[in-house]
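Start at 1 with the first residue, then count along the sequence. The figures that follow rest on heavy atoms only: side chains count, while hydrogens, waters and symmetry mates do not.
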Amino acid sequence: MSITMHTGPNAARTAVSSLAMRLLTLCYGGLAYLIFFGTFLYAVGFVSGYVVPKTVDKTVDTGSTSSLTTALLINLVVMSIFAVQHSGMARQGFKRLFTRFASPAIERSTYVLLASLTLILLYWQWQPMPAVVWNIENPALAGLATAGGFLGWLIVLYSTFLISHFELFGLTQVVTHFAGRVAEPMKFKTPGLYRLIRHPIYLGFIIAFWSTPTMTLGHLLFAAVTTAYIFVGIYLEERDLVALFGSEYRRYREKVAMLVPRLF
């Protein structure tokens, strides 16, 4: 009887504490996702030049007040901060280190949150470099370039849903944890566009970044540096995928093109 009397309250407190922690984890993951989604929507406006107060090309006023050298330096620094965070936290070694100190359920949400915060820093500190590199004056061609940019963003979003959008951005993990279940290991799959190219998300970004009727020097810098980073990211990501899936991914890499679909 005495054991029951002492164990009962302790078990109840433990259950309440566990529920509170799982609820906190769920809220954390949900907040991280909402911040990501707002950051993604802002990215569309930032690159495409619509709605948002500051874009890759200009501010609300007339553009950058910094010298060209200062603008170049600041822009390279903020892009480098994003690249280091985005690639460093995506590596398996960092993930193993993170889960030694925190719940695996929030590892992806934390990655998404910090990636969003580094992008917000980039939006905030970006220095427009408004000198025009090219300008398409033909209305039909200009409209085609604009449509291409939005097509790129749609490819990005569509491709995330092909491989489980909510798992990619951490929601599946926190919901599963809240329900008291263990998340299933990541499975290798190649639905839809992934049967044609290995990295449709990256292809979408490249199309979105380069498809513009007016290319300023700042936009060109942004597109060139992010494209170079994408190829570095592909190399690092595929190295991890080979380590994770072995011969299965090697066969996939041999059969399917990286970014441009093979004609034969």
Checklist outcome for this item: Between the CG atom in L241 and the CD atom in Q92, the distance rounded to the nearest 0.5 Å is 8.5 Å
Checklist entry - If you measure from CD1 on I201 to CD1 on I230, what distance do you get to the nearest 0.5 Å? => result 10.5 Å
Item to check | Aromatic ring proximity, centroids under 6.0 angstrom, F231 and Y235 | outcome: no
Item to check | Whether over 12 other heavy atoms sit under 6.0 Å from F37 CZ | outcome: no
Checklist entry - Hey, mind stepping through W126 and T55 against side-chain hydrogen bond (donor to acceptor under 3.5 Å, both in side chains) and telling me if it holds? => result CA-CA 8 Å; W126 181 262; T55 71; over 6 Å; no
Next on the checklist: In terms of relative ring orientation, are F46 and Y123 parallel, tilted or perpendicular, with 30° and 60° separating the classes?
Outcome noted: tilted
Next on the checklist: Less than 4.0 angstrom from a charged side-chain N to a carboxylate O is my criterion; do E238 and R198 meet it?
Outcome noted: yes
Checklist entry - Mind checking whether S211 and T146 have side chains closer than 4.5 Å, heavy atoms only? => result no
Checklist outcome for this item: Applied to residues 237-259, the ring pair (Phe, Tyr, Trp, His ring centres under 6.0 Å) test, sequence neighbours excluded, yields F188-F245, F188-Y249, F188-Y252, Y249-Y252
Checklist entry - Cut-off 3.5 Å, side chains only: do W134 and T212 have a donor facing an acceptor? => result no
Item to check | Rounded distance [0.5 Å steps], CD in Q127 versus CD1 in I74 | outcome: 4.0 Å
Item to check | Value rounded to 0.5 Å, distance of CG in L171 from OG in S109 | outcome: 6.5 Å
Checklist entry - Would Y229 and S87 count as having a side-chain donor-acceptor pair, cut-off 3.5 Å? => result yes
Next on the checklist: I'd like to check D240 versus R91 (side-chain heavy atoms, cut-off strictly below 4.5 Å). Are they in contact?
Outcome noted: yes
Checklist entry - So how far is it from N135 CG to T216 OG1, rounded to the nearest 0.5 Å? => result 11.0 Å
Checklist entry - Any side-chain donor paired with an acceptor under 3.5 Å for T110 and Y28? => result yes
Checklist entry - So how far is it from L41 CG to L157 CG, rounded to the nearest 0.5 Å? => result 9.0 Å
Next on the checklist: Once you measure the plane-to-plane angle for F36 and H165, does it fall in the parallel (<30°), tilted (30-60°) or perpendicular (>60°) bin?
Outcome noted: tilted
Next on the checklist: Angle between ring planes, F166 versus F161, binned at 30° and 60°: parallel, tilted or perpendicular?
Outcome noted: perpendicular
